[in-house]
Amino acid sequence: MDELIRQAVAILRGMWQRRWLGITVAWVVGLASAVAVMVIPDKYEASARVYVDTQSILKPLMSGLVTMPNIDQQVMLLSRTLITRPNVEKLIRMADLDLKIESKKDRDALVDSLLASLKINNTSRDNIYSVTYRDSQPEHAKRVVQSLVSIFVESNLGSARKDSEAARKFLDQEIAGYEKKLEAAEARL
């Protein structure tokens with residue numbers, strides 16, 4: 001035990017003798033770290049959570065499949081259907097990201113970067129997905145996510161209207177068919 005105490009005292013004495021070197025190294029490391037943190041550009045992330053009825057959106061895509069894909073495959077299919085090039089071009093116009101674009105090459109680069117940076121992830125609950133986007137400007141990130149969500153809502157409303165219209169037409173046809181059958185039955189009576 002005495003040996004351990006002597007070693008600890010020797011180490012502490014050595015540390016005390018070189019304290020200025022330790023303080024200098026700590027300051028240099030601290031200043032270098034502060035400069036490194038200041039040089040890193042700010043990144044802002046905007047996200048939105050969206051409820052998606054995957055059965056209505058993905059059913060036409062999976063019509064030939066025998067089994068339903070798992071959640072990860074559904075997220076992948078959903079992101080492929082939502083984040084398409086036409087939707088991203090519409091997104092660029094809605095979020096006013098095309099104001100500084102001068103050439104088609106710049107537009108294509110912007111579309112490609114948006115396609116790469118937009119993310120759709122599954123949350124812990126069923127059919128609730130998170131749409132995220134990161135940018136160096138907070139307003140851009142917010143507008144991109146808002147625009148993508150509004151595009152998604154518009155497309156869902158359009159498909160819901162189409163489904164409702166198709167159902168209404170089907171019901172009208174069925175009613176017309178039953179009217180004819182009823183008239184024929186009345187004529188027989």
Side-chain angles (χ1 to χ4, degrees), residues 1-52 54 69-155:
M1 185 71 168
D2 288 337
E3 183 64 32
L4 289 175
I5 293 174
R6 271 190 246 127
Q7 284 179 354
V9 169
I11 290 172
L12 289 173
R13 207 175 277 142
M15 287 173 51
W16 183 252
Q17 289 173 352
R18 292 180 182 83
R19 68 184 177 270
W20 295 112
L21 177 64
I23 290 173
T24 305
V25 168
W27 271 97
V28 168
V29 168
L31 289 175
S33 300
V35 168
V37 168
M38 300 277 261
V39 170
I40 296 173
D42 293 335
K43 287 284 186 184
Y44 299 95
E45 179 176 290
S47 66
R49 282 184 275 181
V50 181
Y51 173 78
V52 180
T54 55
N70 64 16
I71 298 298
D72 294 333
Q73 290 173 336
Q74 285 183 351
V75 170
M76 187 178 68
L77 284 170
L78 183 66
S79 64
R80 282 186 184 168
T81 57
L82 287 180
I83 305 177
T84 59
R85 191 166 187 91
N87 282 347
V88 171
E89 288 175 354
K90 185 177 179 181
L91 173 81
I92 288 171
R93 286 189 302 277
M94 287 177 69
D96 293 333
L97 298 178
D98 59 348
L99 297 177
K100 296 180 182 177
I101 294 177
E102 298 176 2
S103 67
K104 182 159 176 40
K105 184 178 178 183
D106 292 341
R107 176 178 283 284
D108 289 340
L110 180 61
V111 168
D112 291 338
S113 70
L114 279 174
L115 284 170
S117 59
L118 283 170
K119 303 272 188 266
I120 296 181
N121 298 320
N122 188 15
T123 59
S124 59
R125 290 191 246 160
D126 292 336
N127 295 338
I128 295 180
Y129 295 90
S130 173
V131 178
T132 59
Y133 176 69
R134 285 187 180 197
D135 198 338
S136 59
Q137 297 178 359
E139 283 300 314
H140 282 185
K142 180 183 171 190
R143 282 187 297 195
V144 166
V145 170
Q146 281 178 339
S147 299
L148 186 63
V149 168
S150 64
I151 288 171
F152 173 70
V153 168
E154 287 172 5
S155 69

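Just so we're clear, the structure is a prediction, and the values are computed from it rather than from any experiment.
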What are the two closest non-hydrogen atoms of Val131 and Val145, and how far apart are they?
O-CG1, 4.2 Å

Considering all heavy atoms, the nearest Ala141-Tyr133 contact:
CA-CD2, 3.6 Å

Applying side-chain contact (heavy atoms from CB on, under 4.5 Å), name anything that partners [X], two or more places apart in sequence or on another chain.
X	answer
Ser113	Leu110
Ser33	Val29
Ala95	Leu97, Arg143, Val144, Ser147
Gln137	His140

Counting only pairs under 3.5 Å, give me each side-chain donor-acceptor contact of residues 15-27, with atom names and distances, residues two or more places apart or in other chains.
| unit_1 | atom_1 | unit_2 | atom_2 | d |
| --- | --- | --- | --- | --- |
| Arg19 | NH1 | Trp16 | O | 2.9 |
| Thr24 | OG1 | Trp20 | O | 2.7 |

By side-chain hydrogen bond (donor to acceptor under 3.5 Å, both in side chains) - contacts of [X] (at least two apart):
X	result
Asp96	none
Arg134	Glu45
Ser136	none
Lys119	none

Below 3.5 Å, can you tabulate the donor-acceptor pairs from side chains in residues 4-14 to any protein atom, sequence neighbours excluded?
| unit_1 | atom_1 | unit_2 | atom_2 | d |
| --- | --- | --- | --- | --- |
| Arg6 | NH1 | Glu3 | OE1 | 3.2 |

Candidates Thr132, Asn87, Leu91 - the one meeting side-chain contact (heavy atoms from CB on, under 4.5 Å) with Leu118
Leu91

Report, as yes or no, whether the 6.0 Å neighbourhood of atom CZ on Arg85 holds more than 12 heavy atoms from other residues, nucleotides or ligands.
yes

Using the salt bridge (charged side-chain N to carboxylate O under 4.0 Å, His left out) rule, collect all pairs that involve residues 26-36, keeping only residues at least two apart or in two chains.
none

Lys104: partners by salt bridge (charged side-chain N to carboxylate O under 4.0 Å, His left out), with sequence neighbours left out:
Asp108

To the nearest 0.5 Å, how far apart are CD1 in Ile151 and NZ in Lys90?
5.5 Å

